[in-house]
Amino acid sequence: MSASTTSLTLKGHDILFPPLPYDMHARADLATGDDQLQRFINNATLSKDLQRREVCAQTFGDNYDAMRSLAAEIKQHTLDHLDHYLEQFVDAATGTGAHVHFAATAQQANEICVGIAKREKLTQCVKSKSMVTEEMRLVPALVKVGVEVVETDLGEFIIQIDDDAPSHIVAPMIHKDRTAVARAFERELGSPYTENPQELTQIARNHLREKYRTADLGICGANFLVARTGSAVICTNEGNGRLCTSVPRVQVAIVGIEKLVPDMNHLAVLLKLLARSSLGQPITVYNHIMTGPKRKHELDGPEQMHIILVDNGRTEILREETREMLRCIRCGACLNACPVYRKLGGHAYGAVYSGPIGALITPMFKGLDKYPDLPHASSLCGACYEACPVKINIPKYLIQLRAQMVRRRITKWPDRLFYGLWGMSLRHPATYRFGGWVQKQMFRAKARAAGTAGRGDRYTDRGWLSKAPGPLAGWTRARDLPTPPSNSFRYWWKMRS
Ligand code: SF4
C-alpha cells in the first residue's frame, strides 16, 4: 500500500470533512497498514519531539516547567478576561486604521471575506497558512465567486496542487516525501522532474513570486493578537506570510478570538515557547507583527487591513469547566509526542485539527455524537500534557468526554455491554478470577492450535495470537497479542510473599 492511499481514495476537503457521524476505524486501518506512511510520520514526529526536548532543556534548564506555567497563566488570564481584552484589541486596532469584524460562525466569516473581495473587485489572492480558514472552508467559498486563491506556505502549496489535505498542525505535508512533491510539480507546474530539494524549492519560489506580484488580496491567520497595540502576529519560517500581508492592496487577517494576549511582554514569553515546542527551534525565522494598514509616509504595506475575529464554537468552550482548552497556541508538540498520532497521521482524525488536541476540540466544536471515536483515540499516557507549553491537561478532558458519552448514551451498545460486564467482574473478585481463568485457557488453546504457543518456564511461556476473538479483534488487526502466561501475576505475588 502506498503512502498516498488515503489521498487516492479521498480528495482534498473530503479528508477533513467526512460524512458524519465519523467512523474512525476504516481510516485507522488504512493508516496502520501503510508502512511508508508510518515511516514518514514516525521519523518526523520522533525527531521533532526530540529536538523540542533538547532545545527546551538547553534554553530553560530547570525552569522549563516554570516557563510553561507562566505561559499557561498568561493564556488563562486572557481567557478569563476575554471580553475586556477583546474590547481593548478592537479599540487599538481600529485606532491604527484597521477594520475589525466579528463572525459568530464559519459561514459568517466566509461571507465577510467574500463580501470584501466582491466590494473591492479582488480576483487574485495569496494566502498564508491558517488553521481557522481550513475550519471555515474559506478557499472554496472564494473560488466560487471567482477569486483565484494560492496557498503560499510551501507545504500547503503542495497539498493544494495535489488536491490533498494537511495532516499536521505545523507540518501539513508530513505524510508526503520528495518523490510525491516532484511528481506533483511535474504534473501541475510542468517543471522537469527532480527530487533535489533545492531545485524543488526554486520551482515553487519562481511560481509563487509571480503570484505575489499580481495578487490584490492577501489572507493570513495570526498566531497571536496583541490587545494593547491592536497588532496581529504571524510566525513563519519561509517569509511567505510577510509577502502575503504586505504586497497585496487589501489584507484580511482571519483569527480565532482565543488568540489574544494582553501585551508585547506576554507575547515574548509565548513566542519563545511556540518556536521551541513546534519545531525545536530557538526562534521562528520570521515573526511578523502587523499593526494597521500602510501609513501615509510608508512605501509598502496594504492600503486596507481587515481583521475578522471568529467565534465558531469557541464561546461554547469558553465556559469555566472547559476554558483551559482554548489556551492552545497550535504548536503541534502534542501531536509529535502522541503514540496514537505517530501510528495514524492526521487524516485518520477526519477533521481539521488532529492529534490529541484535535481529539479533544473537534468533538467540542462539532458535537460529541458526530465524532464519538475521537475521545478514545488516545492511550491516556500523558505525553501530550507533558509536551504542551501551555499545560492543557488533555488526558483529563478526554476522560471527561468519555464519561459524557456514557451519560448521554452515545457509546455503542456492544461497548456498553462489554464495559458493563468488565465493571461487574472488577467489583466481584471471584467473577474477576473466573473470567481471567476462562480468558487464559481460551487464548492459550488458540495459540496452541495456531502453533504459536510459547516454550519456556511457567512464567515466560507466553504465546502469540494473530487473530483475537470479539472486541479484541481490532487489536490484532495491526499487531499480535501475547497470551497470558500459565501462572498469573496474583499467583506469583502469593508465592513471593
Ligand atoms: S494542545 Fe498544547 S501541545 Fe497541543 S498544539 Fe495546543 S499548545 Fe501545542
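Residue indices begin at 1 and follow the sequence shown. All values reported here derive from a predicted model rather than from experimental measurement. Counting starts at 1 for both ligands and their atoms, in listed order.
Both cation-pi conditions hold for Arg68 and Tyr64: the charged atom is under 6.0 angstrom from the six-membered ring centre and inside a 45 degree cone around its axis. A cation-pi arrangement, defined by a distance under 6.0 Å to the six-membered ring centre and an angle within 45 degrees of its axis, is absent between Arg477 and Trp475.
The protein atom (non-hydrogen) at minimum distance from atom 7 (S) of ligand 1 is Ile329 N, 3.4 Å. For atom 4 (Fe) of ligand 1, the nearest protein heavy atom (residue, atom name, distance) is Cys334 SG, 2.3 Å. The closest protein non-hydrogen atom to atom 5 (S) of ligand 1 is Gly332 N, 3.3 Å. Residue, atom and distance of the protein heavy atom nearest to atom 8 (Fe) of ligand 1 are Cys331 SG, 2.3 Å.
Heavy atoms of Ser277 come nearer than 4.0 angstrom to ligand 1 in no pair at all.
Within ligand 1, counting atoms from 1 as listed, the ones closer than 4.0 Å to a heavy atom of Ile357 are 1 (S). Per-residue contacts place Val390 under 4.0 angstrom from the following atoms of ligand 1 (heavy atoms of the residue considered): 7 (S). Residue contact check: Cys328 has heavy atoms under 4.0 Å from atoms 1 (S), 5 (S), 6 (Fe), 7 (S) of ligand 1.
Ring centers of His266 and Phe224: at least 6.0 Å apart, outside the cut-off. Ring centroid separation for the pair His168 and Tyr341 comes in under the 6.0 Å cut-off. Under the 6.0 Å cut-off for aromatic ring centres, Phe89 and His84 do not qualify, their centroids lying 6.0 Å or more apart.
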Show your working on side chain to side chain donor-acceptor pair (under 3.5 Å) between Lys127 and Thr133 and close with a plain yes or no. CA-CA 10 Å; Lys127 179 176 167 294; Thr133 55; 3.1 Å; yes
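When distances to atom 8 (Fe) of ligand 1 are checked against a cut-off of 2.8 Å, Cys388 contributes no N, O or S atom below that limit.
For the residue pair Glu54 / Gln58, no side-chain donor-acceptor distance below 3.5 Å is found, with atom types taken as modelled.
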